[in-house]
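Heads up, the thing below is written out as structure tokens.
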Amino acid sequence: MRRFREERSGRVTDRLRLSCRRRGAEMEGLLWRVLPLLALLSSLLLYSYFSGFKTSHNDCSLLPYSHYWIRSKRIVTPEGVIAGAVEVKGRNITSVVKEEDWQGISKGERVLDYGEAVVMPGLIDVHAHLDDPGRSDWEGFPSGTKAAAAGGITTLVDMPLNNFPSTVSTETLELKIKAAEKNIYVDVGFWGGLVPDNAYNSSALEALLQAGVLGLKSFMCPSGIDDFPMTDASHIKEGLSVLAKYRRPLLVHAEVQPDSISMPDLDGDDPRSYYTYLKSRPPLMEEGAIRELLTVSKDTRPGGRSEGAHLHVVHLSDASSSLELIEEAKRNGESVTVETCPHYLAFSAEDIQDGDTRFKCAPPIRDAANKEKLWEALMAGKIDMLSSDHSPTVPELKLLRDGNFLRAWGGISSLQFVLPVTWTYGRKYGLTLEQMAHWWSKRPAELAGQRLKGAIVTGNYADIVVWDPDTEFYLDDNYPVFIKHPTISAYMGRRLAGKVLATFLTGNLVYEEGKHAPAACGATILAK
Ligand SMILES: *[C@@H]1O[C@H](CO)[C@@H](O)[C@H](O)[C@H]1NC(C)=O
Ligand SMILES: *[C@@H]1O[C@H](CO)[C@@H](O)[C@H](O)[C@H]1NC(C)=O
Ligand SMILES: [Zn+2]
């Protein structure tokens, strides 16, 4: 478009020059002075013509208008579930009214009436690996964010590893941002990596934080990715002191390395048996890491060396000692939170067939008794939020035919399914719609520092998911699945409840009933 604009203004200039010669020489001086102005005016005219054309032909949304009402009998707001309507204008929620007051609103306005379906803030997934750039054959921004939109996720924060190179510097963050631009169907923020290379280099860390990562992530055991080495408690202590200044969190994969504790002997155990894998990553690995972590989390207390920083334990699986330690840290005023993932809440070791490596992840899915305790902790508010930890790869690396649990890629593919999975498996524990919004929107928004997201309130971005808790469906070949490799997902073939009907991102209807808006209009989110 810029080239075209320049050609047009060039032509205008030529014509003016010709007429110029016919008139007297004294006119020339004056004309030369107004020429730049005329050129500028013509560019502006063309620019407004084209931008006008772009918005009237809005590929970002499946709706042809940008001011409308979303109406439902079940809108999940911070004040509870209400019957009423949400007004959306441009990118924002401009009012939320109860049914009684809605009656007075002038008719003739555009209304999307969803009846009994649930209208909830869009989900915020603070833990996903989209593997872009460098390993986009594993997932990639386009398919990953299409899956997110189809699953009711309007914001996700991408992990700094599994893409290549890992996101551990300003240069590698630049690559990430470039890969995301014009390729994302939902909003995407980025965690940076805290690794031994930058942990003691505060200027490198500050540069990364200034470049916009929402916080940092580190591993206390080998990550499985060569250019993302593990950190110990002293690296973490240093990282926290830099994060404190920016008031951003550190997310930690809390398992210690297997050789640092006495490990069971696996000699002679069948690598196709899930129990062999389970035995290789005992709860003691999580407990040991959290114990170590809590020696530095003290720094986050009021008046501590790293006050303002925050420590977040990702994907907790062990529901016993590990959780008690985290509880204790919270009681002591440390700034600590913890997440778990739907696969720890849906599955248990007893259900996993020999050789079914779709279920391999770290820390591992533990037994049914542990799962019950995780639900109990979640319902009691001891686990702060949920995340997907969507961590796909190519089917070849899952070794589905071979079934070797010790050699297969560890990671569960789940991005599109987290909403129905949480709902389906949580119903028997009495899970409420408010809790869904709390774990999937409100608390993740706080962790990621997103003030205008995570709740349906006036002034927030219109990031909204509409879903039907009562519709059940099979995840079979007829179901529109958008993750790149559905065959490696442990959820395929399951019957789930809670169907996503529509997803709105900053006012754009980006997904409805199997269909996405044509253009990828998600924004990259950079911290300021
Ligand atoms: C949306 O809200 C932002 C502030 O959060 C404001 O700057 C913008 O003008 C609002 N847009 C509309 C269409 O109301
Ligand atoms: C710290 O990081 C900066 C920026 O990446 C780099 O230029 C510098 O050499 C590093 N310092 C040390 C001591 O490694
Ligand atoms: Zn992960």
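Just so you know, ligand 1 is whichever comes first in the structure, and atom 1 is the first atom listed for that ligand. Because only heavy atoms are used, hydrogens play no part in the values below, and waters and symmetry mates are left out as well, while side chains stay in.
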Do the side-chain N and O atoms of [X] and [Y] include a donor-acceptor pair separated by under 3.5 angstrom?
X: D318; Y: S320; value: yes
X: S218; Y: H253; value: no
X: N58; Y: S61; value: no

- [ ] Non-hydrogen atoms closer than 4.0 Å to ligand 2: which protein residues do they belong to? List them by chain and number, please.
- [x] N201, A204
Task: Neighbouring protein N, O or S atoms of the Zn ion (ligand 3) [cut-off: under 2.8 Å, no waters] - done: H127 NE2, H129 NE2, D389 OD1
Open item on the list: Would R135 and W138 count as a cation-pi pair here, with the cationic atom under 6.0 angstrom from the ring centre and within 45° of the axis?
Closed with: yes
TODO: Nearest 0.5 Å please: distance from the CZ atom of F359 over to the OH atom of Y491.
DONE: 8.5 Å
Task: For A150, side chain to side chain contact (heavy atoms under 4.5 Å, CB included) partners two or more places apart - done: Q416, F482, Y511, H516
Task: Listed once per pair and sorted, the salt bridge (charged side-chain N to carboxylate O under 4.0 Å, His left out) pairs that draw on residues 162-188, sequence neighbours left out - done: D158-K176, D187-K453
Open item on the list: Only heavy atoms of K89, strictly under 4.0 Å: list the atoms of ligand 1 that pass.
Closed with: 13 (C)
TODO: Identify, by atom number and element, the atoms of ligand 1 in contact range of N92, meaning under 4.0 Å from any of its heavy atoms.
DONE: 1 (C), 2 (O), 3 (C), 8 (C), 10 (C), 11 (N), 12 (C), 14 (O)
Task: P196 to M230 - nearest heavy-atom pair and separation - done: CG-O, 3.2 Å
Task: Side-chain touch T155/V188, heavy atoms, less than 4.5 angstrom - done: no
Task: E286 side chain vs S317 backbone, donor-acceptor pair below 3.5 Å - done: yes
